[in-house]
Amino acid sequence: MVPVTLNTAIKSEPPLDNGAVNGAANGCADEGTAIGEALNSDFQIGFRNRNEFNVFIYFRTLKVYLFAVGPPKTEAQLKKEKKAKPEKKELGVITYSIPTPAGEKKDVISPLPDSYSPQYVEAAWYPWWENQGFFKPEYGRKSLSEPNPRGIFMMCIPPPNVTGSLHLGHALTNAIQDCLTRWHRMRGETTLWNPGCDHAGIATQVVVEKKLMRERGLSRHDLGREKFIEEVWKWKNEKGDRIYHQLKKLGSSLDWERACFTMDPKLSYAVQEAFIRMHEEGVIYRSKRLVNWSCTLNSAISDIEVSCELNGRTLLPVPGYKEKVEFGVLVSFSYKIEGSDEEVIVATTRIETMLGDTAVAVHPSDPRYQHLKGKTIIHPFCDRKMPVVFDEFVDINFGTGAVKITPAHDHNDYEGLNLRICGLPTRLLATPCPTFSHTFAQGLKRFDARKAVLQALKDRGQFKEIKDNPMVVPVCSRSKDIVEPLLKPQWYVDCTEMGKQAADAVRDGRLKIIPDHHLKTWFNWMDNIRDWCISRQLWWGHRIPAYFITVDHSSDTDGHYWVSGRSEEEAREKAAKRFNVSSERISLRQGKQGIFSELLWCIEDLNVFYPGTLLETGHDILFFWVARMVMMGLKLTGKLPFREVYLHAVVRDAHGRKMSKSLGNVIDPLDVITGISLEGLHNQLTDSNLDPLEIEKAKQGQKSDYPSGIPECGTDALRFALCAYTSQGRDINLDVNRILGYRHFCNKLWNAVKFAMKALGENFAPLEKSQSVSDRWILSRLSAAVVLCASGFEAYDFPGITTAIYNFWLYELCDVYLECVKPVLSRSDGDSDAQSQADVCRQTLYTCLDVGLRLLSPIMPFVTEELFQRLPRRSTKDSPPSISVTSYPESSEKALGRFVFLFICYIKPGEFFFNICIYGCITEHFLNVFVIQRLGLIDIEKEVAKLTAKKGELVKQMDKLSEKMAKNDYREKVPIKVQEMDAEKVRGKIMK
């Protein structure tokens, strides 16, 4: 026995009972007996082990006891171990080849393969889950109307586009949503995760139009509206379910019988009914305003655009133009003052819009232009005289301080200055095609007109200069066209009152937004909300149920001449009543516009599942989707659609870069699940719409990040990695190598369960009630993991959940406990005492496997199902058929009990083993720490001294950081990213 002396104990503390020492030793000693000596302030005690040097430290209040066992390893042994490096094993592919009809249960009698393989594990389980109805809220219940004391959990999937294919954003969303859904289901709640798909009006119409032109040389106008709609439905029925199959590949436990498509009759009816009610109330109205117009789609589009940031002069491809168009420059030119040789110099990034200028504005306090009050300027290409106006709208320090005003083609001019200047005209330059209608550029497309205007200004001597100008160019996300502000009559929703109600719901605490740093964005949008344009000039989508009224062949574009109705007959009756004429004198024409209807979602069993529980989505659509659902829910039902909103981060690559096809860093999650070669990644780029130069750049990026391609990681590893990354921040830098690490973790689980099943034996029967075990340590760690997982799910702390599970399985169960029980199980054929000890270990081992797999099941559903099916049951009567409908572990389970919390780690000479161990709860005034040291003795006093010094440094850092975060203006002035980093620092220091 190697003596170890510790001189820091408090002498007044009573000695430790030797029985407790022996009890702790029985579970891990290879042979020999515990040797105890009198326990006082200076003591020596331990037990011998042939293979390891074990250190047992017992804390009671401030007193520390140390037990040392066995001889340390020699330097030669250590040197030999250091040189020995484990060989890298190729990832094997094992397939499940046993014939299993779709929906039938997978074979679980055949022996498990030697190693974990995703293809084997993930085969056949999902169709069986679906066929058994595990994902339906009715499962295990007589009636949905019957109250469930456990409660109800209901969540709608943010509907992916019918044209879409799975990307990592979908994978992240569904990994989070599915593990939450499975957790609530395992808790016994009535659980519904409602699936669905968006008809994606613009995207789908573009796809089908391209298909028609490619295959038949026809446009939608050649076919006509009705025939074109038939073609879209045909495409949808053939290709539209692809996203559903991909979601199933991810293991998403959705109730597919409740799947909704936004063009289904029941949703079309909901859209129609909502429009009519709100139109009759005056909340929906018609108005002529500037909208974002896609010239390629020939339609108004939403505010969701791809904003292309330019650092200066850049040539961009634009649909409909053979040559690239120049952007990122500021063009300066002059206007002549009427009646003098003086001129005013203005600058613009869109020189062609000067044809629609109606004024030049300057700041009232700008001394350079005070003499121009009352003056007019002359347009160079027509006889138009324009005023010089003075308004604080102008930035006195930008450019020359003089700004051209184009209300019909600029949002700032139209909504800002034009509202305050009575009588300032709007001059529309382009038709919706758009070609210019101005005499100077009659029939020219907008960017051809740009060249013509620039050259004409040069010819007249009024051109001044062109210089680089960093700017943001609005690009249509669907057509890749440059978005053009255009003045058109459209349908709008008055959002003033609805926005106020949505903001108040959050302020009052009725709606909770998580993380709370998004509250500032929420209130900024809701308190300054604009009316919402819902018109879309599309054929594929919900047609607005509004009719233009003509009375005795007279017409008007005023909104008063529009009426809505569930049918043409109803609309005609409303029109006749409005104008007090007979219905025979009324002529009706239904508008051709479609309605933007992403906010309406159909939920069956409305009385049971509305309001829902949670909406989980990315923070980037907080306003464009979440806010509008809240507003419409309150408006149409008087209730919030959900109680909580959890917003996850945005996925970036391992270097923190935004996912971009041109960088070659866009990852298809199915490629991560099944694996793909570098050549396969290159082929995907070749089949894309990227330019040849962008393809070569992307290939270099792929070669750098994935020199050997992407290995097969499997669904479970991908889900676990995404959840592990999902801290409550804004960005996720996803590294495929880390996902691969979690595949190795699956293999560790696999081997641990295979070993345990062999150790349990064929005749093992788990007891109804676990016996009082001698080795309380592993059950205490299991109990701690259960508590951490429960609190993690409740707080949406997914890294906390994955860390607790990972640490238990890898570092505590596999690395420590299994190693400890191997010698106990190996000598179980001896006397009755040895047999009794082995039986106790088997019961404990079974409890760890059973509870550990259930803890992991919401995140890794496939591998846990595969392994769970191999375990015997505590009770065959009413035993759940699947782990997905088994109860989730709770800290109150009798099998776990309430044990002393113990902490495990490996230590090496020179390491701070205390600051590794002491990071958890102290129960009943004492804490046990059990340390296995494989590499020899440590200098306890030296390590304590190092710990004390480090603790002092941490205290100083914590005080400084706390002082910084406690300042009154911290949340307002410090950027969100910095606040997140500070919070992580605090958390990290507490863990230490």
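Values below: every heavy atom of this structure, side chains too, minus hydrogens, waters and symmetry copies.
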>> Is there a side chain to side chain contact (heavy atoms under 4.5 Å, CB included) between Arg258 and Lys136? Walk through the geometry before answering.
In response: CA-CA 9 Å; Arg258 282 181 165 83; Lys136 298 180 67 62; 4.0 Å; yes

* Please lay out, stage by stage, how Lys248 and Trp256 fare under the test side chain to side chain contact (heavy atoms under 4.5 Å, CB included). => CA-CA 10 Å; Lys248 292 179 180 181; Trp256 293 106; 3.5 Å; yes

| message | If you apply the rule side chain to side chain contact (heavy atoms under 4.5 Å, CB included), what do you find for Phe868 with Thr886, and how did you get there? | response | CA-CA 10 Å; Phe868 179 80; Thr886 306; 3.8 Å; yes

Verify side-chain hydrogen bond (donor to acceptor under 3.5 Å, both in side chains) between Ser143 and Ser145, making sure each step is shown before the conclusion. CA-CA 5 Å; Ser143 171; Ser145 59; 2.7 Å; yes

_Residue pair Phe793, Leu788: steps toward the side chain to side chain contact (heavy atoms under 4.5 Å, CB included) verdict_ = CA-CA 9 Å; Phe793 273 115; Leu788 289 172; over 6 Å; no

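A donor-acceptor pair is defined here as one N or O able to donate and one able to accept, closer than 3.5 Å; such a pair exists between the side chain of Tyr725 and the backbone of Asp735. Between the side chain of Thr617 and the backbone N or O of Leu615, no donor-acceptor pair lies under 3.5 Å. Side chain of Asp255 to backbone of Pro137: no donor-acceptor contact under 3.5 angstrom is found. Here the side chain of Lys106 pairs no donor or acceptor atom with the backbone of Thr100 at under 3.5 angstrom. Formation of a donor-acceptor pair under 3.5 Å by the Thr802 side chain with backbone atoms of Pro799 is found in this model. Using a distance-only test at 3.5 Å, with no hydrogens or angles considered, no donor-acceptor pair links the side chain of Thr864 to the main chain of Leu856. The closest donor-acceptor contact from the side chain of Asp716 to the backbone of Val863 lies under 3.5 Å. In this structure a side-chain-to-backbone donor-acceptor pair under 3.5 Å is missing from Ser857 to Leu853. Remark: the backbone N or O of Thr204 is not paired with any side-chain donor or acceptor of His199 at under 3.5 angstrom. Listed for the Asn148 side chain is a donor-acceptor partner under 3.5 Å among the backbone atoms of Gly188.
For the atom pair CD1 (Ile883) and CD (Glu866), the distance works out to 11.5 Å, reported to the nearest 0.5 Å. Separation of atoms CG (Asp198) and CH2 (Trp625) is listed at 9.5 Å; rounding is to 0.5 Å. We find the CE-CG distance between Met860 and Leu718 to be 10.0 Å, quoted to the nearest 0.5 Å. Rounding to the nearest 0.5 angstrom, the gap separating the CZ atom in Phe745 from the CG atom in Leu810 is 6.5 Å. Here Phe261 contributes atom CZ and Leu267 contributes atom CG; the two are 9.5 Å apart, rounded to the nearest 0.5 Å. Atom CG of Leu250 is separated from atom NE2 of His245 by 14.0 Å, given to the nearest 0.5 angstrom.
Environment of NZ in Lys512: sparse, with no more than 12 heavy atoms of neighbouring residues, nucleotides or ligands closer than 6.0 Å. Around atom CG of Asp114, no more than 12 heavy atoms belonging to other residues, nucleotides or ligands sit under 6.0 Å away. No more than 12 heavy atoms of other residues, nucleotides or ligands lie within 6.0 Å of CD1 in Ile109, so this atom counts as exposed by the packing criterion. Annotation: Lys249, atom NZ; neighbour count of heavy atoms from other residues, nucleotides and ligands within 6.0 Å does not exceed 12.
Between Tyr806 and Phe720, the ring planes lie tilted relative to each other; the angle falls in the 30° to 60° range. In this pair, Trp129 and Trp125 present their aromatic rings parallel. The plane angle is below 30°, not in the 30 to 60° band.
Residues Lys105 and Gln869 have side chains that bring a donor and an acceptor to within less than 3.5 angstrom of each other. Side-chain N/O atoms of Ser884 and Ser882 include a donor and acceptor closer than 3.5 Å. Judged purely by distance below 3.5 Å, without hydrogens or angles, the side chains of Trp539 and Gln205 never pair a donor atom with an acceptor atom.
When every heavy atom of Pro160 is checked against every heavy atom of Cys197, the shortest pair comes out as O-SG, 3.3 Å. Minimum interatomic distance between Pro641 and Gly633 (heavy atoms only, all atoms of both residues): CD-CA, 4.4 Å. For Arg870 against Val108, the heavy-atom pair with the smallest separation is NH1-O, 3.3 Å. Pairing each heavy atom of Pro118 with each of Gly714, the nearest pair is CB-CA, 3.6 Å. The minimum heavy-atom distance linking Ile739 with Ala717 is given by the pair O-CB, 3.6 Å.
In this structure, the side chains of Ile243 and Val162 stay at 4.5 Å or more apart for every pair of heavy atoms. Using a 4.5 Å heavy-atom cutoff, the side chains of Pro113 and Trp750 are in contact. The side-chain heavy atoms of Phe808 and Cys848, taken from C-beta on, include a pair separated by under 4.5 Å. The shortest distance between side-chain heavy atoms of Cys723 and Ile801 does not fall below 4.5 Å. A heavy-atom distance below 4.5 Å is found between the side chains of Cys789 and Ile805. The closest side-chain heavy-atom distance from Phe609 to Thr190 is below 4.5 Å. Residues Leu212 and Trp235 have side chains not in contact (no heavy-atom distance under 4.5 Å, counting atoms from C-beta outward). Side-chain contact check for Thr726 versus Tyr646: some heavy-atom pair is nearer than 4.5 Å.
Between Glu231 and Lys211, none of the side-chain N atoms (NZ, or NE/NH1/NH2) sits under 4.0 Å from a carboxylate O, so this pair counts as no salt bridge.
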Per-pair distances, 0.1 Å, donor-acceptor, side chain in residues 176-183, under 3.5 Å, sequence neighbours excluded:
{"unit_1": "Gln177", "atom_1": "OE1", "unit_2": "Trp193", "atom_2": "NE1", "d": "3.0"}
{"unit_1": "Gln177", "atom_1": "NE2", "unit_2": "Glu616", "atom_2": "O", "d": "2.7"}
{"unit_1": "Gln177", "atom_1": "NE2", "unit_2": "Glu616", "atom_2": "OE1", "d": "3.1"}
{"unit_1": "Asp178", "atom_1": "OD1", "unit_2": "Ser253", "atom_2": "N", "d": "2.7"}
{"unit_1": "Asp178", "atom_1": "OD1", "unit_2": "Ser253", "atom_2": "OG", "d": "2.6"}
{"unit_1": "Asp178", "atom_1": "OD2", "unit_2": "Arg182", "atom_2": "NE", "d": "2.8"}
{"unit_1": "Asp178", "atom_1": "OD2", "unit_2": "Arg719", "atom_2": "NH1", "d": "2.7"}
{"unit_1": "Asp178", "atom_1": "OD2", "unit_2": "Arg719", "atom_2": "NH2", "d": "2.8"}
{"unit_1": "Thr181", "atom_1": "OG1", "unit_2": "Gln177", "atom_2": "O", "d": "2.8"}
{"unit_1": "Arg182", "atom_1": "NH2", "unit_2": "Gly251", "atom_2": "O", "d": "2.9"}

Which donor-acceptor pairs under 3.5 Å do the side chains of residues 671-681 make with protein atoms, sequence neighbours left out?
{"unit_1": "Asp671", "atom_1": "OD2", "unit_2": "Gln684", "atom_2": "NE2", "d": "2.9"}
{"unit_1": "Thr674", "atom_1": "OG1", "unit_2": "Leu670", "atom_2": "O", "d": "2.7"}
{"unit_1": "Ser677", "atom_1": "OG", "unit_2": "Gly680", "atom_2": "N", "d": "3.0"}

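Ring centers of Phe228 and Trp540: at least 6.0 Å apart, outside the cut-off. Ring centroid separation for the pair Tyr126 and Phe135 comes in under the 6.0 Å cut-off.
Between Val645 and the options Leu614, Val626, Ile514, a side chain to side chain contact (heavy atoms under 4.5 Å, CB included) holds for only Val626. With respect to His184, the side chain to side chain contact (heavy atoms under 4.5 Å, CB included) criterion is satisfied by exactly one of Ile152, Thr613, Thr191: Thr191.
Taking the centre and axis of the six-membered ring of Tyr888, the NZ or CZ atom of Arg185 falls outside the cone set by 45° and 6.0 Å.
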